[in-house]
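To start, the structure itself, in structure tokens.
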Amino acid sequence: MRRWIFPGSFDPLTLGHVDLLSRAHRLCDELIVAVLHNPRKQGLLLPAQRIALIEEVCGDLPGLRVIGSDRLLVQVAQDVEAQCVVRGLRTSGDSALEIQMAQLNRTLSPGLEVLLMTTAPQYAFISSSFVREIAEKGGDISAFVPPRIEAAINKILAGKQEEETL
Ligand code: PNS
């Protein structure tokens, strides 16, 4: 049984993530999408919202499960008994950090394999951080995220704006 884990902060899930996880899903028997904490990033969506949205968009893929955790990736991978971590590489700019994280994780957990998959070129310029920035300033994010995610983010931001004006 090939059980792989696709970790990220997914704040929000983008079309690039959907492409990667669909391709990884075809290569394994079970894919666990893990919403983890990235201390280097500021959040827009709550972890529970990110999980619910990934389930809505990708939950119909057989053998796909979405989980959330505040623990280390290697601890989560061990808990769910995943043999392989899948991460995406958009451009060569991603490679330094991804290789460093892969080597840190493989040192912490030598049995854990790390697979770096290149993003489809049409999505290589998309990042969740820029999507958050564009959405927070009222820009159109429809080219970067699935429609369900766009609708949810716009609703959450409208709610926040309403709270601020009260
Ligand atoms: O989508 P992101 O923000 O690039 O994902 C990064 C993430 C969440 C996978 C990474 O920050 C992570 O693994 N966080 C969990 C804590 C951890 O294991 N840190 C050590 C990384 S070597």
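Order of listing sets the numbers, starting from 1, for every ligand and every atom in it. Just so it is clear, the structure is predicted and the values come from calculations on it, not from any experiment.
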| query | Would you say Thr107's side chain and Gln103's backbone share a donor-acceptor pair under 3.5 angstrom? | reply | yes

Query - Residues Arg71 and Asp79 bridged, charged N to O under 4.0 Å - result: yes

For Val80, the other hydrophobic cluster members (4.5 Å side-chain criterion, sorted by chain and number) are Ile5, Ile32, Leu36, Ile67, Leu72, Leu73, Val74, Val76, Val85, Leu89, Ile99, Leu108, Leu112, Val114, Leu116

Applied to residues 55-65, the side-chain hydrogen bond (donor to acceptor under 3.5 Å, both in side chains) test, sequence neighbours excluded, yields Glu56-Arg148

Review point. Same cluster or not: are Ile153 and Leu46 linked, directly or through other Ile, Leu, Val, Met, Phe, Trp or Tyr residues, by side-chain heavy atoms under 4.5 angstrom apart?
Key: no

Residue set satisfying salt bridge (Lys or Arg N to Asp or Glu O under 4.0 Å) with Glu133, at least two apart, ordered chain then number -> none

Identify all pairs of nitrogen or oxygen atoms, one from ligand 1 and one from the protein, separated by less than 3.5 Å, and list them with distances.
residue  : atom   : partner : partner atom : Å
ligand 1 : 1 (O)  : Ser9    : N            : 2.9
ligand 1 : 1 (O)  : Ser9    : OG           : 3.2
ligand 1 : 3 (O)  : Ser9    : OG           : 2.5
ligand 1 : 3 (O)  : Asn38   : ND2          : 2.8
ligand 1 : 3 (O)  : Lys41   : NZ           : 2.8
ligand 1 : 4 (O)  : Lys41   : NZ           : 3.4
ligand 1 : 4 (O)  : Arg87   : NH2          : 2.9
ligand 1 : 5 (O)  : Arg87   : NH1          : 3.2
ligand 1 : 11 (O) : Arg40   : NH2          : 3.2
ligand 1 : 14 (N) : His37   : O            : 3.0
ligand 1 : 18 (O) : Leu73   : N            : 2.8

